[in-house]
Amino acid sequence: MKILNEAYFNLSPLSVARRLLGCTVVRLLGGERLSGRIVETEAYGGLRDPSCHVVRRDERIWSLLSGSPGVLYLHRTYRHWLLNITCDAVGEPACVLIRALEPTGGEERMRQRRRGARDLTNGPARLVEALAIDFAWEASALPRAEFWLEAGEPVPEERVLNTVRIGLTRGKDLPWRFAVRDNPWVSRSLEAVLSGAPLSPGL
DNA sequence: CATTTGATGTTCT
DNA sequence: GAACATCAAATGC
């Protein structure tokens with residue numbers, strides 16, 4: 001099993017977001033292996049992204065996103081944390097948000113972490129809680145001893161859904177979200193996304 | 001099933 | 001006070 005490192009993430013956020021579908025996230029927690037297959041991602045950053053207020057706001061974040069690819073960036077919104085991995089060449093600020101996982105191991109422990117909530121990993125903040133991803137890991141490189149990603153069976157093109165990103169106020173029109181079509185763990189259905197902003201005809 | 005609403009904590013204006 | 005890369009519970013069909 002190939003463990004992903006800096007080299008894997010040294011591509012544009014769009015390429016990395018697309019390639020991460022089908023890869024596996026692994027978390028070792030108290031000797032137990034929690035894992036999930038990535039089924040939904042979003043690309044962020046780069047000069048074309050108007051939602052890069054996240055980048056401009058803070059010199060530290062700018063440095064983090066412009067630095068080495070394959071580094072953890074944990075973004076907070078409300079009381080939740082969202083898991084991002086930096087990507088693209090050094091000097092190009094970019095990252096990919098992991099939005100949903102299909103659990104493949106350790107579901108009971110995940111449910112404990114989620115305090116019995118019905119939904120385990122079908123949302124960016126839910127999966128962070130289910131896997132007990134720690135904010136202290138911020139700015140550290142993959143792989144870590146207790147957290148890493150593994151290459152998976154590539155998802156064929158006809159199984160990939162490409163839509164606009166979810167939950168944003170700026171950059172709503174960019175089709176930078178990728179998901180496994182019809183996968184029950186994806187955070188929102190195709191129909192729900194279509195009822196919002198329209199798909200870009202080019203993609 | 002879909003949609004709405006309130007909680008939430010930090011940052012920015 | 002407003003804004004926010006969210007979530008869970010409540011409400012409407």
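By convention in this document, chain letters (A, B, ...) are assigned in the order of the sequence lines, proteins followed by strands, and residues within each chain are numbered from 1. Just the heavy atoms: all of them, side chains too, but no hydrogens, waters or symmetry mates, feed the values below.
- Seen from the ring of A:Phe178, A:Arg99 does not count as a face-on cation partner, given the 6.0 Å and 45° thresholds.
- Regarding A:Lys172, its NZ atom lies at a distance of 12 Å from the C1' atom of C:dA5, rounded to whole Å.
- Of the side-chain N and O atoms in A:Thr169, one or more sit less than 4.0 angstrom from OP1 or OP2 of C:dC4.
- Side-chain polar atoms of A:Thr24 and A:Ser35 form no donor-acceptor pair below 3.5 angstrom.
- Computed from coordinates, the A:Leu74 CG to B:dT10 P distance equals 16 Å when rounded to whole Å.
- Taking atom CG on A:Asn84 and atom P on C:dA5, their separation rounds to 12 Å, with Å as the unit.
- Judged by the 6.0 Å distance and 45° axis criteria, A:Arg19 is positioned over the aromatic ring of A:Tyr8.
- Taking the centre of each ring, A:Trp176 and A:Tyr44 stay at or above the 6.0 Å mark.
- Residues A:Leu174 and A:Arg165 are in side-chain contact: their nearest non-hydrogen atoms beyond the backbone lie under 4.5 Å apart.
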Whether each nucleotide of nucleotides 6-13 of chain C has a protein heavy atom under 4.0 Å at its base (B), only at its sugar-phosphate (S) or at neither (-) is summarised, 5' to 3', as BSS-----

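- Judged by distance alone, with hydrogens and angles left aside, the side-chain atoms of A:Arg109 form no donor-acceptor pair with the main-chain N or O of A:Glu32 at under 3.5 Å.
- For DNA chain C, no neighbouring residue in residues 15-26 of chain A is found when judged by any heavy atom under 4.0 Å.
- Across all strands shown, the partner of C:dC4 is B:dG9, judged by Watson-Crick or G-U wobble contacts whose two distances both fall under 3.5 Å.
- For the pair A:Arg76 CZ and C:dA3 P, the computed distance is 19 Å after rounding to whole Å.
- Hydrophobic clustering, defined by side-chain heavy atoms of Ile, Leu, Val, Met, Phe, Trp and Tyr closer than 4.5 Å, groups A:Leu28 together with A:Ile3, A:Val26, A:Trp148.
- Atom C1' of nucleotide B:dT10 and atom CZ of A:Arg60 are separated by 14 Å, given to the nearest angstrom.
- In summary, A:Arg181 and A:Glu158 do not engage in a salt bridge, as defined by a charged side-chain N under 4.0 Å from a carboxylate O.
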